[in-house]
Amino acid sequence: MSNELADIRVFLKLIPPFDLLPDPLLDTVVKEISICYLRKQEDLPPDELSAETLFVLRKGALSYYSADNELLGMFSETDICTLYCHAQTSIDIRLCSNEDTLLYALPYPALQEILHDFPDVIAFFEHSAEQRLHKKMTRVNEAAIISSSLMNTPITHFYHTPVASIDHRSTIQEAAISMTEQGYSCLIILEEDNFIGIVTDKDIRRRCVAEGLSLKQPISDIITKNPTTIDVNSSAYDALMVMTGKHIHHLPVTNQGKLEGMLTVTDLMNYEGQHAVNLTSIIHKATTVNELAKISTMLPKLQIRMAKLGTTADHVGKSISAITMAFTIRLIEMAEKLLGPPPVPYAWLAAGSQARQEQLAHSDQDNALIISDDMKPEDQTWFFDLATFVSDGLAACGFIYCPGDIMATNQRWRQPQKIWHRYFDEWVNTPSSAALLNASIFFDLTTVYGDSSLLENVRYEMLEKTKRSTMFIAHLSKNALRLKPPLGFFRDFVLKHDGENKSVLDLKHNGIAPIVDLARIYALTEGISSTNTITRLQKAAGTRSLTKESAANLIAAYEFISMLRMQNQSMRMQNNKKPNNFLPPKALSKLEREHLKDAFKVIKTMQDVRQSSY
Amino acid sequence: MIFKNLFGYEAKRKRLLKQAHAGALRDFLSVPFPDEKQFFIDTPILSVDFETTGLNAKTDKLLSIGFVDLLANKIPLKTSYHQIVHSKGLLKSDNVTIHQITDSEKDQGEPLRVVVETLLKALTGKVMLVHFARIEREFLQQACIKLYGIAPVFPMIDTLMVAKRRLDARDVSYDPSSLRLSALRTQYQLPEHHAHNALNDAIATAELLMAQVNARQEPNKTNLADLLL
């Protein structure tokens, strides 16, 4: 009884950002409300437009249109309309009721006055879609840092320095003694104080003892020259991904090219415990496809666990992609053992989401083979057998066959380097939208196994051409604009541009794919060789194709939608349902809907820019 | 007939004005009522609700008053008022469960004179809006007789009668319970409200009238005369 307007206060309290306000202040806000009634098909009265007003929809529905009568969005119960908070900015927008509507009108200047101690709440009303999204993603990323220890922890926390080293002229025995005395499993090899390679106790075992090599031989005979290194500024997570992807346990750390220290997989594993590395090391030890298939059942569990930890979608994508890579590599090793050594150099390629390092558990396999031009016709069988073995193996491990037949088993995608050159020539020089629609996946390619120079050669020439071909970029852009984000939500439906409602949101096609497509276009226009969407956007930031600000907006939108998708999938997997990309709006909180709407707006803005520029 | 009725209101107001002593009631009566030819959208309306201990204005007590303005299709909550009336005697417990006003709250209420004066001041120059007019009319008249010795006159709109007239005009049978405030609100798809609080009911009644007027024709074409009791 103490508060007679409690009904309205309780209603407002359910709506972010009003939920941040203490009850007494909310009561003051409620007192400012004017309850308005709009009959169906009525424009908001002109006197409402001249006053700076914030509306909260109590009951009914409103649509708003641009000056040229394009539907921009809709509001339903509990939605906040900030279009008229600043009278001068919204002259061109028309607001019209679809149903008899009960509105709470709040005079905006009075509201600002009441909430002057709550800048966050005012900011919510004031900020553009982009600003709100940035703020949200900053919070998400902060939470991820807190909840997941390894991520964004610099490797400076882990590596050893100084590094145990030995001169390249020392004998193998001297090296072994040095390692034993110092308790290291790895030594750096120096030549005139320059770092030339690395030797591990495994090398001594495999390259010396097992081969019957004399212990008096110089250590340089069995070292790995020019090993993979990592820059001192990288995160522990990046280091982990390099180790997982390349199957190495020792990573020299460099600072501006100079050796700084040594990082071992044990250092990281002690820190993080059970995770991706464990899984990849088990994968590496598996000897049969059956064993691999058994291990693969752990992949969804890993994803669920990572999602629970608050790991960002970016890092989950990288981990799952690295593990898929480990499965593929192990299968290729098994195949080579079965089929004998390859007749000519080749590389196993991953395409699409795996190549972009954006894979989630249960995705399909997209792969291809690039073979040395020295290949003879009779070598075909060997490569076909390889492709069949690996592809069947991947299928046994839960990576379903690609429905579009983009697989190395398809002869079209199992070709010598010169044919790949020709493919890209055709796609880029004589582009057609239809052909590019199916080919866009090949502009996201990475080497999983084998001679990576085969692909890099092709990629280099391809990028030289894409940079110059405006026709090609135009066709690619046209395709990219086919998938549009929805306008937002209307009640528990997804609101599309034509005013149609859908009961589920397709996160992949209406959110992620449009951004992936845009990032690819920027990369190909600017000759950027990276395939990961966020990396592409980061590298394209500040070029003619993309301003720094727009890049940051797209990254925030991408991270947010990816996060929802990952959480949705993990939730489904946890409930023993098949993961998919469909999200019913009912499952979204009010705030998540607001952020999604903001993300859609960012995508639409960038698509519109693209539309007008090609 | 309605025309005559309103004429009656104004004539009666002038007559009563001469009898009234200086004070709140006289001030109220000294301002003309809104013109019946005025459009709904231009008419100042005060939506009022009383919570009482029963239906008999002579024997039952006024427990609380709530009101809010309705003007130009808008309800500014700044004008809302809610007050518990101080009175003697204990409340029946079955009533307490309905209006949720306890004895201790009632004891802390304002005296009847203060509450009625506040209401008369707010009602000056306006039309009174209620749902089921008998309660508010009889209890307010009774209070005025007690306080000023005169029963005043005031033009009223009753959302129950607005609904009833429409049903009668269609000449179909209907369940009388469909004329309750909450039932009518549901019919017009208005949100559920927390009933039996005087201010909540006053707001709910004002929202209902807006829905009723807007459902029929444009509010700037509806005459006050079409709505008055």
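Letters go in sequence order (proteins before strands), and every chain restarts at 1. Note that the coordinates shown come from a computational prediction; the quantities given were computed from them, not determined experimentally. Atom set for the values below is all heavy atoms of this structure, side chains included, hydrogens, waters and symmetry mates excluded.
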Only one of B/Asp158, B/Asp201, B/Thr159 passes side-chain hydrogen bond (donor to acceptor under 3.5 Å, both in side chains) with B/His131, and that residue is B/Thr159

Under 4.5 Å from any heavy atom of chain B, what part of A/Leu102 do you find: side chain, backbone, both or neither? side chain

Under a 4.5 Å heavy-atom cutoff, which of B/Glu192, B/Gln189, B/His193 has the most pairs with chain A? B/Gln189

Proximity breakdown for B/Ala72 and chain A, heavy-atom pairs closer than 4.5 Å: neither

I'd like to know if the side chain of A/Asn69 reaches the main chain of A/Tyr65, judged simply by a donor and an acceptor atom lying under 3.5 Å from each other, with no hydrogens or angles considered. no

Report yes or no: does A/Ser589 contribute a side-chain atom to a donor-acceptor pair with the main-chain N or O of A/Glu592 at less than 3.5 Å? yes

Could you check whether A/Phe490 and A/Phe75 have their ring centres less than 6.0 Å apart? no

For the candidates B/Leu77, B/Leu70, B/Thr79, which exhibits the highest count of non-hydrogen atom pairs separated by less than 4.5 Å from chain A? B/Leu77

Answer yes or no: is there a donor N or O on one side and an acceptor on the other, between the side chain of A/Arg9 and the main chain of A/Val30, under 3.5 Å? no

For A/Leu103, is it the side chain, the backbone, both, or neither that has a heavy atom closer than 4.5 Å to a heavy atom of chain B? neither

